[in-house]
Engineer: 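Take this structure, written in structure tokens, and hold onto it; I'll ask about it next.
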Amino acid sequence: MSNIKVRFAPSPTGFMHIGNTRTALFNWLWAKKLGGKFMLRIDDTDKLRSKKEYEDVIRDNLTWLGLTWTEEARQSARFDRYNEVTKKLKAEGRIYACYETPEELEFKRKRALSKGLPPIYDRQALSYTQEDIARFEAEGRRPHYRFKLLPGEIKWNDMVRGEVKYEAEKLSDPIIIREDGSFLYHLPSVIDDFDFGITHIVRGEDHVTNTASQVQMFEALGGTVPTFAHLPLLTGKEGKLSKRLGSMGVSELRAEGIEAMSICSFLAKLGTSEAIEPYYDLQSLADTLDFGKIGRAQPKFDEEELKHLNTKLVHGLSYNQVKNRIEGDETFWDAVRPNLSIVSDVNLWDSICHKVVTPVIEDKDLTSMAADLLPPEPWNSETWNQWVGEVKAKSGKSGKALFHPLRKALTAQDNGPELKILLPLIGREKALKRLLGQAA
RNA sequence: GGUCCCAUCGUCUAAUGGUUAGGACAUCACCCUUUCACGGUGGUAAUAUGGGUUCGAAUCCCGUUGGGAUCACCA
């Protein structure tokens with residue numbers, strides 16, 4: 001049994017969007033490929049912004065996508081553990097108290113920037129005297145805490161970026177505890193990864209500098225540093241990561257009729273050197289996962305391309321894969337699916353065959369003539385050819401002029417499945433009325 | 001501004017110093033279908049820019065331009 005373990009750690013402060021989903025997917029696929037475990041961790045250290053509603057939607061989306069988890073944790077339930085670690089690190093001098101107000105910090109940053117200096121924390125707090133601290137406390141100030149980075153080179157071998165190096169001196173000591181005593185993301189995340197035995201962390205490249213400081217946190221905890229993979233961030237069509245991209249949720253895509261496997265196939269292959277094509281199960285996607293094939297440039301996410309892929313995927317869906325959610329039998333499905341963009345459009349064709357349709361009459365002479373020539377039932381798949389042959393002979397029309405008016409009258413649609421198959425399903429009674437311009 | 005990353009057809013990318021710069025998606029044309037769609041075949045289409053290094057550069061080096069990330073008491 002593999003000891004590989006990955007996690008997806010969303011903060012329940014918003015819905016699942018395309019970027020989130022991609023991160024979850026790559027983690028899941030990696031665990032699947034290596035026979036490891038996938039855990040869900042709710043990063044709800046920010047009590048104000050975390051909402052149960054978001055959490056529910058995240059779970060629901062993951063389940064729908066098929067990204068199931070076998071273990072779960074919640075940061076808000078682990079504060080005792082975080083406090084314990086913090087106490088130890090304070091004693092070791094790796095965590096220190098600071099008394100600057102947010103305004104003072106903001107001022108320092110601006111001043112550094114205006115002098116052309118990097119806005120790195122100046123560690124003034126390390127030189128406080130007892131008197132300074134007493135004075136701050138007397139003023140009613142409460143401390144926040146930072147993690148002290150050790151000078152020197154920080155490096156790791158990234159599964160997508162190769163060797164990554166940072167100089168600790170060029171990084172700010174991250175604030176890990178707020179003035180109100182609550183934890184910020186950095187340290188709890190590391191403690192959890194350490195405690196739960198996470199072996200690989202796959203996340204967006206917006207985390208690379210966080211990783212640099214977190215590497216030192218893992219070391220301070222005395223743990224092994226997990227293996228990292230930082231995925232290039234997705235951008236929008238126009239170049240910049242647009243609001244639209246940020247708001248493009250799994251729930252919305254699902255509501256639009258996009259298949260879960262379309263989303264997974266698309267996100268797993270976008271930005272890689274492999275063709276973006278439909279995969280019908282996560283296992284086969286996992287088999288092909290290779291972090292080395294992920295490019296380092298930022299791919300553009302285009303919803304249109306996702307829709308194209310979805311259409312292609314739907315065309316390849318067998319009856320067995322959809323029978324639980326559609327009307328109609330296998331013959332019907334096979335006849336209709338090459339015309340579908342989304343599975344639920346099958347219902348449109350089902351209702352065209354079995355419910356009331358208001359026909360569109362384009363060529364009254366032709367359609368009423370065709371109505372007269374309609375043969376008696378029973379009908380089969382050859383009926384169409386025989387009938388249309390007669391209509392053609394008598395009207396002298398052929399090609400589009402012949403077919404389009406018939407299609408519009410019988411289905412009220414501009415395009416669709418082969419009429420040869422549809423006609424017997426519609427039946428003589430409805431066909432006759434529709435050809436005469438009556439709703440039926 | 002510091003640090004880090006990136007730049008090849010419209011899009012995702014391949015080509016680890018010598019290729020007619022390849023593939024996939026999209027697009028276009030043709031074929032199939034007595035219509036559309038589906039399907040099949042084929043075509044158009046790219047190395048951001050300026051310097052080097054080299055017999056030879058998409059590839060290595062430097063500059064320029066452009067894009068992105070980060071530098072939060074968000075995660």
Side-chain angles (χ1 to χ4, degrees), chain A residues 9-14 20 43-46 48-50 75 98 100-102 105-106 109 112-121 142-146 161 164-167 169-172 174-186 188-189 203-210 212 230 232-235 237 239-241 266 269-277 293-302 304-305 308-309 311-312 315 335-341 384-385 388-389 391-392 397-408 411 413-420:
Chain A
S11 59
T13 55
N20 259 350
D43 279 14
D44 56 351
T45 53
D46 189 341
L48 283 168
R49 300 196 306 147
S50 297
Q75 293 198 319
C98 303
E100 295 94 341
T101 62
L105 290 174
E106 181 62 23
R109 264 193 297 275
L113 239 23
S114 70
K115 281 176 19 191
L117 264 27
I120 295 170
Y121 179 58
R142 305 293 311 148
H144 59 276
Y145 294 85
R146 289 185 188 260
R161 319 189 110 213
V164 182
K165 289 185 206 167
Y166 275 93
E167 287 173 59
E169 292 87 338
K170 290 183 175 160
L171 267 22
S172 274
I175 297 176
I176 52 164
I177 300 175
R178 293 187 183 88
E179 189 179 337
D180 67 5
S182 63
F183 287 94
L184 258 45
Y185 151 81
H186 288 89
S189 177
R203 50 182 11 177
E205 71 180 4
D206 51 335
H207 279 284
V208 287
T209 46
N210 288 336
H230 290 93
L233 263 21
L234 261 23
T235 62
K237 225 190 312 190
K240 190 128 168 127
L241 190 133
F266 190 74
K269 297 305 175 192
L270 178 65
T272 72
S273 53
E274 294 176 291
I276 299 174
E277 56 188 12
K293 286 187 175 167
I294 298 174
R296 300 184 66 177
Q298 301 183 332
K300 290 181 182 62
F301 176 87
D302 183 350
E304 284 308 308
E305 293 193 36
H308 280 295
L309 180 73
T311 300
K312 200 171 171 186
H315 292 169
V336 161
R337 71 176 166 167
N339 282 277
L340 304 178
S341 298
W384 169 261
N385 283 339
V388 169
V391 176
K392 182 187 180 184
K397 295 192 174 175
S398 66
K400 193 165 185 170
L402 173 65
F403 279 79
H404 201 256
L406 294 178
R407 175 178 288 285
K408 288 289 268 188
T411 69
Q413 304 292 318
D414 278 312
N415 52 49
E418 282 191 78
L419 288 166
K420 174 182 167 175

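Within every chain, numbering begins at 1; the chains are lettered A, B, ... in the order of the sequence lines, protein sequences first and strands thereafter.
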Engineer: Side chain of A/Leu113, heavy atoms from C-beta onward: which of B/A7, B/G1, B/C12 has the nearest atom to it?
Structural biologist: B/G1

Engineer: If only atom types and distance count, is the side chain of A/Arg146 paired as donor or acceptor with the main-chain N or O of A/Ile176 below 3.5 Å?
Structural biologist: no

Engineer: NA contact type, A/Thr272, heavy-atom cut-off 4.0 Å: base, sugar-phosphate, or nothing?
Structural biologist: sugar-phosphate

Engineer: For a quick check of understanding: with a heavy-atom distance under 4.0 Å over all strands, which category does A/Arg109 fall into, base, sugar-phosphate or nothing?
Structural biologist: sugar-phosphate

Engineer: Who does B/C32 pair with, Watson-Crick or G-U, both distances under 3.5 Å?
Structural biologist: none

Engineer: Should A/Arg407 be listed as having a side-chain N or O under 4.0 Å from OP1 or OP2 of B/U35?
Structural biologist: no

Engineer: Would you call A/Glu179 and A/Arg142 a salt bridge, using N to O less than 4.0 angstrom?
Structural biologist: no

Engineer: Side chain of A/Pro299 only, heavy atoms from C-beta on: which candidate in B/C12, B/C71, B/A72 is closest?
Structural biologist: B/C12

Engineer: Would you classify A/Glu100 as touching base, sugar-phosphate or nothing, given that sugar-phosphate means primed atoms plus P, OP1 and OP2, and contacts are heavy atoms under 4.0 Å?
Structural biologist: base

Engineer: At 4.0 Å (heavy atoms only), tell me whether A/Leu105 reaches a base, stays on the sugar-phosphate, or touches nothing.
Structural biologist: base

Engineer: Mind checking if A/Tyr166 touches a base, just sugar-phosphate, or nothing, with heavy atoms under 4.0 Å?
Structural biologist: sugar-phosphate

Engineer: Let's test this: given Watson-Crick or G-U wobble pairing with both distances under 3.5 Å, identify the partner of B/U3.
Structural biologist: B/A69

Engineer: Work out which heavy atom in A/Thr45 is nearest to a heavy atom in A/Leu184; give both atom names and the distance.
Structural biologist: OG1-C, 4.4 Å

Engineer: Under 4.0 Å, heavy atoms only, any strand: does A/Glu305 hit a base, just the sugar-phosphate, or nothing?
Structural biologist: sugar-phosphate

Engineer: Tell me what A/Lys312 touches on the nucleic acid: a base, only sugar-phosphate, or nothing, going by heavy atoms under 4.0 Å.
Structural biologist: sugar-phosphate

